[in-house]
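Below is one structure, written out as structure tokens; the observations come after it.
Keep in mind it's a predicted model, so treat the numbers as computed, not measured. Within every chain, numbering begins at 1; the chains are lettered A, B, ... in the order of the sequence lines, protein sequences first and strands thereafter.
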Protein chains: 2
Amino acid sequence: MSGSAPQDTAATKKTTRSNRSKETQRVRLSQKAIVAAAADLFARNGFGATSLDDIAYQLGATKGALYYHIKNKEDILRHIYLMVLTASEEPLAEIARSNAPADEKLSRAIAHHVSVAASRSPAMMVFYREHPHLSGPFAREIVERKKVYERYFEQIIEEGQAAGVFSPTIDAKIAAFGLLGMCNWLSQWYQSSGPYTHQQIAAMFAQMVEGGLAPTPSPSPAKAGDGS
Amino acid sequence: MSGSAPQDTAATKKTTRSNRSKETQRVRLSQKAIVAAAADLFARNGFGATSLDDIAYQLGATKGALYYHIKNKEDILRHIYLMVLTASEEPLAEIARSNAPADEKLSRAIAHHVSVAASRSPAMMVFYREHPHLSGPFAREIVERKKVYERYFEQIIEEGQAAGVFSPTIDAKIAAFGLLGMCNWLSQWYQSSGPYTHQQIAAMFAQMVEGGLAPTPSPSPAKAGDGS
DNA sequence: GCACAATTTGAACAACTGGTAGAAACATAC
DNA sequence: GTATGTTTCTACCAGTTGTTCAAATTGTGC
């Protein structure tokens, strides 16, 4: 009955067990490092399937040490959400506030969102995947802020429809959701080593969506090619 | 003092563990019912965070009974993947095989994919989320079939570019990924009780994307509504 | 060297995990 | 009724989970 101490409890997942007996140096942990490593593992294996042992192992530390820097497992997840939100919200709000024409606003919003999705892709994947594991008032706050973020896109589209640069036959909310899906999905397949930079991808997405929303292609939307 | 309060950090955990001693009637299980219930729970809480007890509980049965119908937990996941693939692959292949013009092919492909994403949304969410939990040759098979599926969209777009109905300035693979992201994302927000049917949404998506890809100013306007 | 705070360890814990075995309940045919 | 095969239940196993905590280790100023 007396449980035999699991001496060799290595991180039993996919990673091979190589006890860092060589470098006996203790590792300097930090909240940032923990959150970054956790985002990576959560994105790869899911929150529920990632253990604190896994996270500690990837940092070369032990599970107990994590608790000096974080409150609990859900706390790590909270930090990932805050990281994504602080990187996303303010730049978009500024774009929306500017008085550029709607189509240019939309291009810039797409570029911004694609940039976040590309550069923070593990955290981004976690963001849109693991909210069921958040609890309490924080969970509600996230839902609210996400809605506000989405509504910026919707408003830009509505603005363009009112100004006559976007077709009014498509519901702005559906268009915004479609556009966001397009961008968010990128965190599933984008690799910085691929043939296109995220700026190029954003430009293609913008061309795709804006051309489709434009009612009058007569002026010169496809061949204009000059910065306003 | 080992007064460690086992806090319920789980947010969306179902009701507390109350063995259904009230209704002692036994439940008729089936592989289909198990897979359906599991898809629902996996979509909501993730594969790793869903226990066999959870699945059994939602079916009003016990864990042991599941094993008469399924081999193990991963086997359930395999069935979910097969369900999505069998619903997706053949209709799309037929659309691609047809000799309709490329823009109509694309409209139909979008309608098909949106239909699958809308009607099988829990399974769809699982499909694009839990492949790390598949192992062995089946995992590789899924990756391969997914690639084939995506390539259909890419080919339709290339076809349209060659025929001059789609702009050649956008990389076909990127356009296909963007389009698929748009459709796949729908399983995250679509509710059949919403203001639009999935057919209407598919029509809007088609209008968005095809208009954007079209080089000529006059796309045929009212064109929607495809069967099945 | 010493004192004192910051940090990490390693073991312990209770709860829960996927999976198994055998007994029990059921259905159907005779 | 008995016999037989199908389906579900209960109880259990061995291992893993998140979390706590005293003790050990490290860093820093003197």
Take atom [atom1] of [X] and atom [atom2] of [N], then tell me their distance rounded to the nearest Å.
{"X": "A:Tyr67", "N": "D:dT17", "atom1": "OH", "atom2": "P", "value": "12 Å"}
{"X": "B:Gln31", "N": "D:dT7", "atom1": "CD", "atom2": "C1'", "value": "15 Å"}
{"X": "B:Leu52", "N": "D:dC13", "atom1": "CG", "atom2": "P", "value": "20 Å"}
{"X": "A:Asp53", "N": "C:dT9", "atom1": "CG", "atom2": "P", "value": "12 Å"}
{"X": "A:Asp54", "N": "D:dT17", "atom1": "CG", "atom2": "P", "value": "6 Å"}
{"X": "A:Ile34", "N": "C:dT8", "atom1": "CD1", "atom2": "C1'", "value": "12 Å"}

Next on the checklist: Which residues pass the side-chain contact (heavy atoms from CB on, under 4.5 Å) test with A:Phe177, not counting sequence neighbours?
Outcome noted: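 Partners of A:Phe177 by the side-chain contact (heavy atoms from CB on, under 4.5 Å) criterion, ordered by chain and then number, come out as A:Glu150, A:Lys173, B:Trp189.
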Next on the checklist: Taking side-chain contact (heavy atoms from CB on, under 4.5 Å) as the definition, give me every residue that meets it alongside A:Ala96, ordered by chain and number, with sequence neighbours left out.
Outcome noted: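 Once residues adjacent in sequence are excluded, the partners of A:Ala96 under the side-chain contact (heavy atoms from CB on, under 4.5 Å) criterion are A:Tyr152.
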Would you say [N] has OP1 or OP2 under 4.0 Å from some side-chain N or O of [X]?
{"X": "A:His69", "N": "C:dA6", "answer": "no"}
{"X": "A:Thr62", "N": "C:dT8", "answer": "no"}
{"X": "B:Tyr68", "N": "D:dT8", "answer": "no"}

Checklist entry - Among D:dT19, C:dT7, C:dT9, which is the nearest nucleotide to the side chain of A:Arg28? => result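 Selected nucleotide: C:dT7.
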Checklist entry - The side chain of B:Lys63 lies closest to which of these nucleotides: C:dG19, C:dT8, D:dT8? => result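 Closest nucleotide to the B:Lys63 side chain: C:dG19.
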Next on the checklist: At 4.0 Å (heavy atoms only), tell me whether A:Ser30 reaches a base, stays on the sugar-phosphate, or touches nothing.
Outcome noted: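 Here A:Ser30 touches no strand at all.
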Checklist entry - Is there a residue in residues 72-82 of chain B whose heavy atoms reach under 4.0 Å of DNA chain C, and which residues are they? => result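 Correct list: B:Asn72, B:Lys73.
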Would you be so kind as to tabulate the donor-acceptor pairs closer than 3.5 Å made by side chains of residues 78-85 of chain B, with sequence neighbours excluded?
residue : atom : partner  : partner atom : Å
B:Arg78 : NH1  : B:Glu74  : OE2          : 3.4
B:His79 : ND1  : B:Asp75  : O            : 3.0
B:His79 : NE2  : B:Gln31  : OE1          : 3.1
B:Tyr81 : OH   : B:Val126 : O            : 3.4
B:Tyr81 : OH   : B:Phe127 : O            : 2.9
B:Tyr81 : OH   : B:His131 : N            : 2.8

Next on the checklist: Does the structure place the NZ or CZ of A:Lys105 under 6.0 Å from the centre of the six-membered ring of A:Phe153, at an angle of no more than 45° from the ring's axis?
Outcome noted: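 The answer is no, since A:Lys105 fails at least one limit relative to A:Phe153.
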Checklist entry - Which pairs, with at least one residue in residues 85-97 of chain A and sequence neighbours excluded, count as a side-chain hydrogen bond (donor to acceptor under 3.5 Å, both in side chains)? => result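 Listed by first then second residue: A:Glu89-A:Arg145.
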Item to check | Test item: side-chain donor near acceptor, A:His133 and B:Asn45, under 3.5 Å | outcome: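 Note: A:His133 and B:Asn45 side chains miss the donor-acceptor criterion.
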Checklist entry - Who passes ring pair (Phe, Tyr, Trp, His ring centres under 6.0 Å) against B:Tyr128, sequence neighbours left out? => result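 In terms of ring pair (Phe, Tyr, Trp, His ring centres under 6.0 Å), with neighbours along the sequence ignored, B:Tyr128 is linked to A:Trp185.
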